[in-house]
Amino acid sequence: MGGQTVKPYAFSEIEAKWQQRWQEQGIYRATPRPDRQKFYCLEMFPYPSGRLHMGHVRNYALGDVVSRFYRMRGYEVLHPMGWDAFGLPAENAAIKRGVHPADWTYANIAYMRRQMQKLGLGYDWERELATCDPEYYRWTQWLFLLFYERGLAYRAAARVNWCPGCQTVLANEQVVDGACWRCGSPVEQRHLEQWYLRITAYADRLLADLERLDRWPERVRIMQQNWIGKSTGAEIDFPVEGLEEKITVFTTRPDTLFGVTFMVLAPEHPLVDRLVAGHPDIEGAVRELREKGVPVTERERATLEKIGIRTGARAINPANGQPVEIWVGNYVLMEYGTGAVMGVPAHDQRDFEFARRYGIRIVPVISPDGGPVSAEAMEAAYEEPGIMINSGPFDGTPSEEGKARVVRWLEERGAGRPKVQYRLRDWLISRQRYWGAPIPLVYCDRCGIVPVPKEDLPVLLPRQVDFRPGGLSPLLGVEEFVNTRCPRCGGKARRETDTMDTFIDSSWYYLRYACARDDREAIDRQSVNYWLPVDQYIGGVEHAVLHLLYSRFFTKVLHDAGLLDFEEPFQALFTQGMVTLGGAAMSKSRGNIVDPEEIIGRYGADTARMFILFAAPPDRDLEWSESGVEGIYRFIQRVWRLFWDWKESADRATSRGPASPQLDRLVHRTIQRVTHDIQDRFQPNTAIAAIMELVNGLYEYRSRPAAEQCGEQLEQALRTLILLLAPFAPHLAEELWEAMGEKESVHRQAWPVYDPAKLVEEEVTVVVQINGKLRDRVVVPAAASREEMEKAALSSERVRAFLNGRTPRKVIVVPGKLVNIVV
RNA sequence: GCCGGAGUGGCGAAACUGGUAAACGCUGUGGACUUAAAAUCCACCGGUGCAUGGCACCUUGCGGGUUCGACUCCCGCCUCCGGCACCA
């Protein structure tokens, strides 16, 4: 190609120029419009840790492609950004460097916002929000009160997870492998009084509605399903011998009730003390068991030696009146079910081992075939379904059927009832830390717990606080904060000094974008119900049972409160893979961050964005490596040169060659591929590959003699190329679009549409196989019939040589594609 | 243990409904241009063999199967990643 001296690609000027113009013209501002369909594209907002890393770039570049694509497809797009700005790192920075958490946070926000702008991300900045802003947390507090009024926020004493690193309690979801999700410290157990949100009241709906989320990854749905952990079974009451008490157990196997030979209570079970009273040695053993406590990590628990203590007390099996020994065991959890289990050694492996160890009777009540079963011969519990035996009136009943029948039978006798049990626990939301939204409640000696009136919100976080961690809420030390008047009686009162889990802040931020500047209410029904639910949500899979579960819970509660018309916040979810360095996710605390600014400085934002999208399919983890950045940079420059060489070439107006159907086909095929890859497949990597092929094709076309090129067709092709490039390389596309002579932004243009007629080929190359092996290719008219294709294949010389006189047994023809000759 | 997902050239990957395995790109090799280099352009780039302008055979983690035809479907394994796990 000629043009050695086209203008240089000065990306930093080009990018700065357009970023400024976009901002001035507000081209990414979202305004409800009756004539268009809305599209709400959202990426999980970041914690303002200081700087962006390549993981952020990947997440936001993806969202940016999607939102630009849908805007060009004619949707009114809402694409906002904000800051998950409360949280511990701000306090830690304050402790380490003496900066106030607020100052540190706002400085980080300013810096990261600037970085996002340098990446050319098309956000509606007029809707920006920061959860640490009083104008935001005022409404977080308002929502807390809404939960409180609805009986969904309560205070309770329980064993809780305590992170010694963060000096605060954690919700169950925030403990990963026995360690704090944030700082990795091993979590300890403490008994404390804390605030909870009653997420368990929504367990059934959170589970059932997962089925509706057909545009969520199956993986995430399964993770939530496991986390909620539904078990269907029954509660059964066992009267205690010689006491006016009964012990209730939860079981999923009521069909094995006749095989109960013992029962086990959690060491903390309220009845234990009474059962062992007067037996000092047993009391001592129980105390020891309690003190040892339950190991924190699941894995430790699983390998824990099962220790049992015989209480000497007995209960009565309500099914057959048989006495059963009551034990206390370290493997029974007070938190799950009723804190008591019935022991059926013949049909539960744990019970089997326990019984063998302590010499407890084993009574088989389920038989694989209905025949007799010898307890002595059993080497393991039989946990499969079978036929009930030794079960009085139920003998001969298939066990699966027996489950319901036994429960009904117990129900008639007042000794049991059906029960659904969930693994999910209520959400512990109070935190003994400073940098969070204060819980808007007051403790009055006379009136008890009193909510702060909504018109008095926000309860402001005081600025002057000693936030060095000491296991108590830093706000406790701020007298002017703590001491207040009771809103109800006017008497002396004290404020709640715990702040809220920051996951509360992020459980509703996606709603607030719809009415971010509304200072009258948290949720403006009209705006929120217009923009929501989110049409495409994009973020990391690490939030599968954290943010994503909490947000679903919030949405359902607000729906029930009449604020929302919808029950699920995120229509479609895409979980992008991590960008790793040294095998670990990039994070500031790990110190393995690759700052995108270096790449932007060297190659420009368009290259940075396109590179991370091209490197791998977006759902796969990506180990960071710079090899390949050059390739994208080369590609972008190739586009630049292609355009300017054409634009500045003298022969542009005079190339009057005939239009090339091949070029048309290439252009339209590319439109088809790119559209499909973004819209249906969410695969920018293959979309970019398709655009590269188009550019390669255009170079080839340009290498023809000028007289054989069609100027008009070429211009059309270049216009299409720019439009297809716009979501991926927004600055480059904008610059070239302007140079095309266009006045209006390329990002406000209509996405190109392919013409199926242009895809049709006149001739196709058909593969000829003999016994499934590729032997030759023949060119036939695209419309060739099966017979014609077969004939063409059989008349190929190579095919004849291979056949060597043999007659085909069978010929398979795939029209337009392939002929397979079987001999 | 249970439940998901992944495994394809030197590397990142592609192959969408069972129909040409390796598109697109990186790296590398050779060449053109250049005083030279960079940039750019052209060619080659899975393996083995034949004694090499070509042809044959093999190749998508491993072993079987279905099919005219399998990266794709079925059965059995291996490795890695993720979730749940004494949940009664």
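Every chain is numbered from 1 and lettered A, B, ... according to where its sequence line falls, protein lines coming before strand lines. All values below come from the heavy atoms of this structure, side chains included, with hydrogens, waters and symmetry mates left out.
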Quick one: which residue pairs count as a salt bridge (Lys or Arg N to Asp or Glu O under 4.0 Å) with a foot in residues 670-687 of chain A, not counting sequence neighbours? A:R673-A:E693, A:D677-A:R681
Treating A:W624 as the side-chain partner and A:G55 as the backbone partner, does any N or O pair qualify as donor plus acceptor under 3.5 Å? no
Do the ring planes of A:Y633 and A:Y9 sit parallel (below 30°), tilted (30 to 60°) or perpendicular (above 60°)? tilted
For atom NE2 of A:H269 and atom P of B:rA88, their distance in whole Å: 17 Å
Tell me the interatomic distance from A:F354, atom CZ, to B:rA88, atom C1', rounded to whole angstroms. 13 Å
Using the P atoms only, state how far B:rA13 lies from B:rC86, rounded to an integer number of Å. 35 Å
Contacts under 3.5 Å, N or O only, protein and nucleotides 1-12 of chain B:
residue	atom	partner	partner atom	Å
B:rG12	O2'	A:A615	O	2.2

Identify whether any heavy atom of A:N696 sits under 4.0 Å from a base atom; if not, whether one sits that close to sugar-phosphate; answer base, sugar-phosphate or nothing. sugar-phosphate
Using a 4.5 Å cut-off on heavy atoms from C-beta on, say whether the side chain of A:F352 contacts that of A:I362. yes
Integer angstrom distance from the C1' of B:rC81 to that of B:rU72: 22 Å
Which residues pass the side chain to side chain donor-acceptor pair (under 3.5 Å) test with A:N820, sequence neighbours left out? none
Runs of at least three consecutive Watson-Crick or G-U pairs, both distances under 3.5 Å, are what I'm after; which ones involve RNA chain B? B:1-7 with B:78-84, B:10-12 with B:24-26, B:28-32 with B:40-44, B:46-50 with B:54-58, B:61-65 with B:73-77
Does a side-chain heavy-atom distance below 4.5 Å link A:T232 with A:K403? no
For nucleotides 41-49 of chain B, tabulate all protein N/O to nucleotide N/O atom pairs closer than 3.5 Å, reporting atom names and distance.
residue	atom	partner	partner atom	Å
B:rC41	OP1	A:R638	NH1	2.5

Listed partners of A:D351 passing salt bridge (Lys or Arg N to Asp or Glu O under 4.0 Å), at least two apart: none
Report the distance from atom CD of A:E353 to atom C1' of B:rA88, rounded to the nearest whole Å. 14 Å
Please collect all salt bridge (Lys or Arg N to Asp or Glu O under 4.0 Å) contacts where either partner lies in residues 763-774 of chain A, sequence neighbours excluded, each pair once. none
Once you apply a heavy-atom cut-off of 4.0 Å, does A:R425 come out as touching a base, just sugar-phosphate, or nothing? base
Output field: ring centroids A:F354/A:Y331 closer than 6.0 Å: yes
What's the gap between B:rG46 and B:rG10 when it is taken at their P atoms, as a whole Å value? 9 Å
Taking the same atom, P, in B:rC55 and in B:rA21, what whole-Å distance lies between them? 15 Å
Give one of base, sugar-phosphate or nothing for A:G631, where a contact means two heavy atoms less than 4.0 Å apart. sugar-phosphate
Any residue meeting side chain to side chain donor-acceptor pair (under 3.5 Å) with A:S796, in chain and number order, not counting sequence neighbours: A:D776
Can you check the distance between B:rC41 and B:rU34, where both ends of the measurement are the C1' atom (answer in whole Å)? 13 Å
RNA chain B: 5'-proximal contact among A:M223 and A:F802 (nearest heavy atom): A:F802
So, is A:S231 near the phosphate of B:rA88, with a side-chain N or O under 4.0 Å from OP1 or OP2? yes
C1' spacing across the pair B:rU20 / B:rG69, given as an integer number of angstrom: 12 Å
Of all residues at least two apart in sequence or in a different chain, which pass the side chain to side chain donor-acceptor pair (under 3.5 Å) check with A:T338? none
Sorted by chain and residue number, the side chain to side chain donor-acceptor pair (under 3.5 Å) partners of A:W227 (sequence neighbours excluded) come out as A:E173
Could you go through A:Q224 and A:R221, starting from their C-alpha distance and side-chain angles, then the distance that decides it, and tell me whether this counts as side chain to side chain donor-acceptor pair (under 3.5 Å)? CA-CA 5 Å; A:Q224 291 208 358; A:R221 296 200 314 248; over 6 Å; no
Roughly, in whole Å, what's the span from NZ in A:K817 to C1' in B:rA21? 14 Å
With side-chain contact (heavy atoms from CB on, under 4.5 Å) as the criterion, how do A:R58 and A:L622 come out once you've worked through the C-alpha distance, each side chain's angles and the decisive distance to 0.1 Å? CA-CA 10 Å; A:R58 193 181 199 192; A:L622 174 63; 3.8 Å; yes
Integer angstrom distance from the C1' of B:rG12 to that of B:rU27: 11 Å
Measure from the side chain of A:L333, starting at C-beta and using heavy atoms only, and say which of B:rC24, B:rC87, B:rC86 lies closest. B:rC87
side-chain N/O A:K773 vs B:rC55 OP1/OP2, d < 4.0 Å: no
Sugar-phosphate atoms are those with a prime plus P, OP1 and OP2; base atoms are the rest. Using that split, label each nucleotide of nucleotides 67-72 of chain B B, S or - for protein heavy atoms under 4.0 Å, 5' to 3'. -B----
Between B:rA13 atom P and A:R681 atom CZ, what is the distance in whole Å? 15 Å
Rounded to whole Å, please give me the gap between CZ in A:F250 and P in B:rC86. 16 Å
Starting from C1' on B:rA15, measure out to CG on A:N685 and report it in whole angstrom. 13 Å
So which nucleotide from B:rA14, B:rC57, B:rC16 ends up closest to the side chain of A:R669? B:rC16
Taking CZ from A:R350 and P from B:rA85, how many angstroms apart are they, rounded to a whole number? 14 Å
According to ring pair (Phe, Tyr, Trp, His ring centres under 6.0 Å), who are the partners of A:F802, at least two apart in sequence or on a separate chain? none
Is A:R775 touching bases, backbone alone, or none of the nucleic acid, heavy atoms closer than 4.0 Å? sugar-phosphate
Between B:rC78 and B:rG64, how far apart are the C1' atoms? Round to whole Å, please. 15 Å
